[in-house]
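Heads up: the structure comes next, in structure tokens.
Each chain gets a letter, A, B and so on, in the order its sequence line appears, and its residues count up from 1.
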Amino acid sequence: MTDSTVTAPPPKRETKSLIYDPKARSIFFQVLTLVGVVVAVMWIAHNVSSNLARTNTASGYGFLNGRSGFDVGQSLIAYSSDSTYGRAILVGLLNTLLIAVTGIITATIVGFIIGIGRLSKNWLIAKLCMVYVEIFRNIPPLLVIFFWYSGVLAVLPQPRDAIQGPLSTFLSNRGLTFPYPIWGDGASVIPIAFVIAVIGAIGFAVWQKKRQMATGKQLPTGWISAAIIIGLPLLAFLAVGAPLTFDYPVEGRFNLSGGGTIRPEFVALYLALSLYTAAFIAEIIRAGIKGVGKGQTEAAAALGLQPNKTTQLVVVPQAFRIIIPPLTSQYLNLTKNSSLGVAIGFPELFSTGSTSLNQTGQAVEMISIMLAIYLTISILTSLFMNWFNAKMALVER
Amino acid sequence: MSDNTLSYVRADMLGAEPPPISNKSVAGWLQTNLLATPKDVVLTIIALAVLAFTLPGIINWLFIQASWVGSDRSVCATIAQGGIQPDGWKGACWAFVQDRFQQFIFGRYPIDERWRVILVGLMLIVLLVPLLIPKLPHKTINAVLLFVVFPIVAFVLLRGGDFVGLQRVDTPLWGGMMVTLILSFVGIAVSFPFGILLALGRRSNMPIVKMFCVIFIEVIRGVPLVMVLFMANVMLPLFLPVGWTIDNFLRAVVGVALFASAYMAEVIRGGLQAIPKGQAEGADSLGLSYWQKTRLIILPQAIKVVIPGIVNTFIGLFKDTSLVSIIGMFDLLNIIRLNFADTTWITPMTPLTGLVFAGFVFWIFCFGMSRYSAFMERHLDTGHKR
């Protein structure tokens, strides 16, 4: 403490210009940015309100309760042109989610197969998978959608000449018609049985893990869980007397009647997005597996693990850490790309939303709704995947 | 102990072993690469079956059955459909592509003025190719010419107007490949600097600047491009004062550029994060200012790390330009689709042919870009890769 009295007096603060003070400059720039943004937003808001006033557009979300007046090709919930705009948007959202879920499942499976295939020691398989990846990665998804829609599905025959597939399915340019299941009395126990089976399978896996930790003995968890999940609902189905009949499609003079139909728009969008995204997922899987060091495999072999066990216990868990973050963004991409359905008239969120916008002219409101929904979907997916990623992440000292 | 009683000692040398079978012959190659294990044999048979099932059909459709010359739909339609081909004929209708090729490139640009588009295209090639070859000198001048002078000249030439003595061609007449390339070029030229600024902003330690950058990037990345384009199309006119109008083409350009900037920012942020802190501290200790440090030390290293990501973004941008068809613009894909309904060429084979052609064009560009990126990666790899 005595030293400080000896040292030279501190330099005079006043001589230092404010320009050379990083803190002052930082505050200055931020205030400048803030003022700039606020002025721009106010200017835009003013322009929007005067533009809306000029066209006599009423603002507010009341229009959502109005009659929509347009039909949609495919809906998961009851919908007619008498339904409200709000319901039309809900129909679109459900269709978007339908495409996203089915597409993500298919793309993951196909991508996994192709990605593993590219790493195969079999030259022919590796090259075939490479060709697949290089084709799909380098063309626009919209083109793939059109390829299926106007190139393949549109040249299918008329319904009266429909191609008959196995199990009374018919393929025509109106889509895929199939026997529609009609559930009878007591069918509600089946989903309940399924939920119980899933909980049971999880419980079994936890118990198995504990037992393995205690005794070192393993059971084939995967097979037993699968047996529980499939077996219990099946038993329930049989126990209530198999309450299932089918509404078979019948070939009429000009059209097919009865049965359920999957529209070609859905098929085209689903196939295109799955196959397109699968190419990217394949590359992610390949990079993930290659990213696991060779020493890991060799160490596993030195410990006497068999190749299958090496893949299952050593390579895959480590590859997963590399794979998950880019895989998340591919899932999000697929979900966002489902908006391309508008190009072929598939009623997903963007499609029903923009139709509502064009009919009502409520641009600001409709866009804010669509923005909010898309952002919510991506934030929820990111949050889930971040949680999953953190769970899988390497725990270091 | 007399000599030669150790009968187990071998007196003569063994002959040389044959080389490993895999190095020896075609049969050896087949053995190791296709038929190594029973599983491989099965896989090879499956792969061959897939090829045998698809390849002849594809080749037949693309080349053998394809109809190459003609001036209307009759060459691509069966007799039942009012054409000259036998019933059951299936083949590509290349005559359609040949007939409409000019339109695919120029859209509805006036025929007499198309030399202007060709001239712009040539200028682009002359300026772009030297920039892409690492050995050639004068990169700075070249880049300034390409990204500052060229866009102005190109715009004046393409749009024309009385003040340059050229017929005025408004943007609704632009179309085809030309629009695809313009949108991609502007998207790339704008998104790169904007992406860098956004990435720097996101990593800045000024909370307000950082907040705005994060909000912008995450909102744009959270919604589909179709949505961004649609917003640009619907909202931009509302954002401007009463009476101002904004060109449809410009709206699409703004949408594409905003979208690409957000993605570019994230890629570059990845590069910035990969640079060790010591580099920035070293620059600080040398007394470099923030911009000197960023320009001379950080960015050159950061960008080098993320070249593959940058090129991927460019490829994505190029592919995404096809989405402008949804807001009613006629890029390559949409102008091809427009022709599907044209009575001169309406046949069952026209759509597939047109789409395969579009796919081929897109593929060539994207694959070229990805190969070039791989080349640059090798070229710039100075061995510091961590």
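When the candidates B:Phe362, B:Tyr290, B:Phe360 are compared by the number of heavy-atom contacts under 4.5 Å with chain A, B:Phe362 comes out ahead. Among A:Leu340, A:Leu332, A:Asn337, the residue making the largest number of heavy-atom pairs under 4.5 Å with chain B is A:Leu340. Chain A forms more heavy-atom pairs under 4.5 Å with one residue of B:Leu35, B:Leu323, B:Val361, B:Ile364 than with any other, namely B:Leu323. Each of B:Ile326, B:Thr44, B:Leu240 has some count of heavy-atom pairs under 4.5 Å with chain A, and the biggest count is that of B:Leu240. Note: A:Asn122 leads A:Leu128, A:Ile135, A:Asn122, A:Leu142 in heavy-atom pairs under 4.5 Å with chain B. Chosen from A:Arg54, A:Lys127, A:His46, the residue pairing most often with chain B at heavy-atom distances under 4.5 Å is A:Arg54. Residue with the most contacts toward chain B among A:Thr33, A:Val37, A:Ile27, A:Val152: A:Val37 (heavy-atom pairs, distance under 4.5 Å). Each of A:Pro140, A:Ser378, A:Ala45 has some count of heavy-atom pairs under 4.5 Å with chain B, and the biggest count is that of A:Pro140.
Across all their heavy atoms, B:Ile336 and B:Ala358 have their closest contact at CD1-CB, 3.6 Å. The minimum heavy-atom distance linking A:Ile99 with A:Ser338 is given by the pair CG2-CB, 3.6 Å. Of all non-hydrogen atoms in A:Lys290 and A:Leu119, the two that sit nearest each other are CG-CD2, 3.7 Å. Of all non-hydrogen atoms in B:Gly359 and A:Leu143, the two that sit nearest each other are N-CD1, 3.5 Å.
Annotation: side chain of B:Leu225 is in contact with side chain of B:Leu229 (closest heavy-atom distance under 4.5 Å).
When heavy atoms are compared at a cutoff of 4.5 Å, A:Thr381 does not approach chain B at all. Only the side chain of A:Phe350 comes within contact range of chain B, judged by heavy atoms closer than 4.5 Å. Heavy-atom distances place both the backbone and the side chain of B:Met227 under 4.5 Å from chain A. Residue contact with chain B, scored on non-hydrogen atoms closer than 4.5 Å, is absent for A:Val31. With a threshold of 4.5 angstrom between heavy atoms, B:Leu333 approaches chain A through side-chain atoms but not through N, CA, C or O. With a threshold of 4.5 angstrom between heavy atoms, B:Phe212 approaches chain A through side-chain atoms but not through N, CA, C or O. Only the backbone of B:Pro237 comes within contact range of chain A, with at least one heavy atom under 4.5 Å from a heavy atom of that chain. Looking at B:Val223, both its backbone and its side chain come within 4.5 Å of chain A, counting heavy atoms on both sides. B:Ser204 does not touch chain A: none of its heavy atoms, backbone or side chain, sits under 4.5 Å away.
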Worksheet entry | Test log, rule ring-ring contact (aromatic ring centres under 6.0 Å, His included), inputs B:Phe314 and B:Phe318 | CA-CA 6 Å; B:Phe314 288 166; B:Phe318 186 77; over 10 Å; no
Practice prompt. Determine, stepwise, if the pair A:Asn333 / A:Phe280 fulfils side-chain contact (heavy atoms from CB on, under 4.5 Å).
Written response: CA-CA 10 Å; A:Asn333 275 351; A:Phe280 289 85; over 6 Å; no
Practice prompt. Could you go through the side-chain contact (heavy atoms from CB on, under 4.5 Å) check for B:Phe365 and B:Met177 one step at a time?
Written response: CA-CA 12 Å; B:Phe365 274 88; B:Met177 194 67 214; 3.6 Å; yes
Item to complete: Could you go through the side-chain contact (heavy atoms from CB on, under 4.5 Å) check for A:Leu275 and A:Trp148 one step at a time?
Response: CA-CA 11 Å; A:Leu275 296 181; A:Trp148 287 108; 3.6 Å; yes
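Taking the charged nitrogens against the carboxylate oxygens, B:Lys293 and B:Asp284 do have a contact shorter than 4.0 Å, which makes a salt bridge.
Of all residues spanning residues 347-354 of chain B, those with a heavy atom less than 4.5 Å away from chain A's heavy atoms are B:Pro348, B:Pro351, B:Leu352, arranged by number. Within residues 365-373 of chain A, the residues that have a heavy atom under 4.5 Å from a heavy atom of chain B are A:Ile367, A:Met370, A:Leu371, listed by number. Residues of residues 46-55 of chain B that come closer than 4.5 Å to chain A, counting heavy atoms only, are B:Ala47, B:Leu48, B:Leu51, ordered by residue number.
The salt bridge (Lys or Arg N to Asp or Glu O under 4.0 Å) pairs that include a residue from residues 217-245 of chain B are B:Arg202-B:Glu218, where partners are two or more places apart or lie in different chains.
Note: A:Tyr132 and A:Phe136 have tilted aromatic rings, judged against thresholds of 30 and 60 degrees for the angle between ring planes. The aromatic rings of B:Phe340 and B:Phe96 lie tilted to each other, with the angle between the two planes from 30° to 60°.
Listed for the A:Trp123 side chain is no donor-acceptor partner under 3.5 Å among the backbone atoms of B:Leu30. Side-chain N or O atoms of B:Asn339 include none that pairs as donor or acceptor with a backbone N or O of B:Asp342 at under 3.5 Å. For the pair B:Asp331 (side chain) and B:Thr180 (backbone), a donor-acceptor distance under 3.5 Å is absent. Between the side chain of A:Thr335 and the backbone N or O of A:Tyr331 there is at least one donor-acceptor pair closer than 3.5 Å.
B:Lys319 and A:Tyr276 share a side-chain donor-acceptor pair at under 3.5 Å. Looking only at atom types and distance, the side chain of A:Asn138 has no donor-acceptor partner in the side chain of B:Ser370 under 3.5 Å away.
Atom CH2 of B:Trp244 has 12 or fewer heavy atoms from other residues, nucleotides or ligands within 6.0 Å.
To the nearest 0.5 Å, the span separating CG on B:Leu332 from OG on B:Ser322 amounts to 9.5 Å.
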